Amino acid sequence: QVQLVESGGGLVQAGGSLKLSCTASGRTFSSYAVGWFRQAPGKEREFVAGISRGGGRTNYADSVKGRFTISRDNAKSTNYLQMNSLKPEDTAVYYCGVSVVGAYTIPAVSTMYDYWGQGTQVTVSS
């Protein structure tokens, strides 16, 4: 069992930045790949970014590539999503998930994730 708690969401103007955090408790954090997904009203949950168990590989959705950076600190059981140059279309609830997969695998589909946090709202005003 793993518990995930996200933080760092809020209201920001277009062009601004936010840094989301996701802290895990329970099983060893380094056993999991981590993914960030987001869900806007009326839309399906979509993949945003992911990072492999050891942090050596990352993957991003095309819509955020070059603007968002995912990282992790396994010693602190925490991962981060730095979001720069935010746009109104980035507005959504952001969820952190963890997945038991191979060392270099980063799933991009939500059904591959075993545990989820409660989500944190990100609102970008124009």
Side-chain angles (χ1 to χ4, degrees):
Q1 190 76 11
V2 176
Q3 294 78 42
L4 301 171
V5 178
E6 299 106 332
S7 61
L11 173 65
V12 64
Q13 288 188 333
S17 298
L18 284 174
K19 187 174 184 178
L20 305 184
S21 299
C22 175
T23 300
S25 61
R27 287 186 58 182
T28 305
F29 185 60
S30 58
S31 300
Y32 298 94
V34 177
W36 284 92
F37 287 71
R38 65 188 181 188
Q39 189 165 18
K43 295 187 177 181
E44 294 186 354
R45 190 171 295 193
E46 64 173 359
F47 175 77
V48 174
I51 188 166
S52 60
R53 284 160 44 183
R57 289 189 64 191
T58 58
N59 190 22
Y60 298 92
D62 288 343
S63 59
V64 306
K65 205 169 289 184
R67 299 188 297 123
F68 291 11
T69 303
I70 189 171
S71 61
R72 67 190 295 165
D73 184 341
N74 285 343
K76 295 182 178 180
S77 297
T78 301
N79 80 90
Y80 307 96
L81 185 67
Q82 177 67 47
M83 306 186 295
N84 298 328
S85 302
L86 283 162
K87 304 175 181 180
E89 51 263 45
D90 294 319
T91 295
V93 178
Y94 282 70
Y95 296 92
C96 168
V98 294
S99 176
V100 180
V101 288
Y104 300 104
T105 302
I106 306 171
V109 292
S110 59
T111 53
M112 291 291 293
Y113 285 78
D114 302 286
Y115 302 99
W116 293 94
Q118 81 288 353
T120 185
Q121 176 70 46
V122 171
T123 303
V124 184
S125 63
S126 57

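Quick caveat, the model's predicted, so the values are computed rather than measured. Reckoned from all heavy atoms, side chains included, excluding hydrogens, waters and symmetry mates.
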Q.
What verdict does the side-chain contact (heavy atoms from CB on, under 4.5 Å) test give for L20 and M83, after you've listed the backbone C-alpha separation in whole Å, the side-chain angles of each residue and the deciding distance to 0.1 Å?
A. CA-CA 8 Å; L20 305 184; M83 306 186 295; 3.7 Å; yes
Q.
If hydrophobic clusters are built by linking Ile, Leu, Val, Met, Phe, Trp and Tyr wherever their side-chain heavy atoms come under 4.5 Å apart, do I51 and Y32 end up in the same one?
A. yes
Q. S21 and Y80: which non-hydrogen atoms are nearest, and at how many Å?
A. OG-CD2, 3.4 Å
Q: Go through the steps to decide whether W36 and N79 satisfy the test side-chain contact (heavy atoms from CB on, under 4.5 Å), and finish with yes or no.
A: CA-CA 10 Å; W36 284 92; N79 80 90; 2.6 Å; yes
Q. Donor-acceptor pair, R57 side chain versus S52 backbone, under 3.5 Å?
A. no
Q: Only counting residues at least two apart or in another chain, list the ones meeting side chain to side chain contact (heavy atoms under 4.5 Å, CB included) with Q121.
A: T91, V93, T123
Q: Search all heavy atoms of R45 against all heavy atoms of F37 and return the closest pair with its distance.
A: CG-CB, 3.6 Å
Q. Which heavy atom of L81 sits nearest a heavy atom of A49, and at what distance?
A. CD1-CB, 4.0 Å
Q. Under the disulfide (SG to SG under 2.5 Å) rule, what pairs show up with a residue in residues 1-49, not counting sequence neighbours?
A. C22-C96
Q) Looking at N74 and R53, what are the two nearest heavy atoms and their distance? A) ND2-O, 3.1 Å
Q) Linking I/L/V/M/F/W/Y whenever their side-chain heavy atoms sit closer than 4.5 Å, directly or via other members, would V122 and V64 fall into one cluster? A) yes
Q: Look only at the side chain of E6 and the backbone of G119, and say whether a donor-acceptor pair between them is shorter than 3.5 Å.
A: yes
Q: Could you check I70 against Y60 for side-chain contact (heavy atoms from CB on, under 4.5 Å), going step by step and ending with a plain yes or no?
A: CA-CA 9 Å; I70 189 171; Y60 298 92; 3.5 Å; yes
Q) Passes side-chain contact (heavy atoms from CB on, under 4.5 Å), V2 versus F29? Steps please. A) CA-CA 9 Å; V2 176; F29 185 60; over 6 Å; no
**Q.** All side chain to side chain contact (heavy atoms under 4.5 Å, CB included) counterparts of S125, not counting sequence neighbours
**A.** L11, Q13
Q | Heavy-atom closest pair, residues A14 and S126 | A | CB-CA, 4.3 Å
Q. Same hydrophobic cluster for L4 and L18, using side-chain heavy-atom links shorter than 4.5 Å among ILVMFWY?
A. yes
**Q.** CZ on F68 to CG on L86, rounded to 0.5 Å
**A.** 5.0 Å
Acceptor/donor pairs from residues 101-116 side chains to any protein atom, 3.5 angstrom cut, sequence neighbours excluded:
unit_1 : atom_1 : unit_2 : atom_2 : d
Y113   : OH     : P107   : O      : 2.6
D114   : OD2    : V100   : N      : 2.8

Q. Mind checking what makes salt bridge (Lys or Arg N to Asp or Glu O under 4.0 Å) contact with R38, not counting sequence neighbours?
A. E46, D90
Q) Who pairs with K43 by side chain to side chain contact (heavy atoms under 4.5 Å, CB included), at least two apart in sequence or on another chain? A) A40
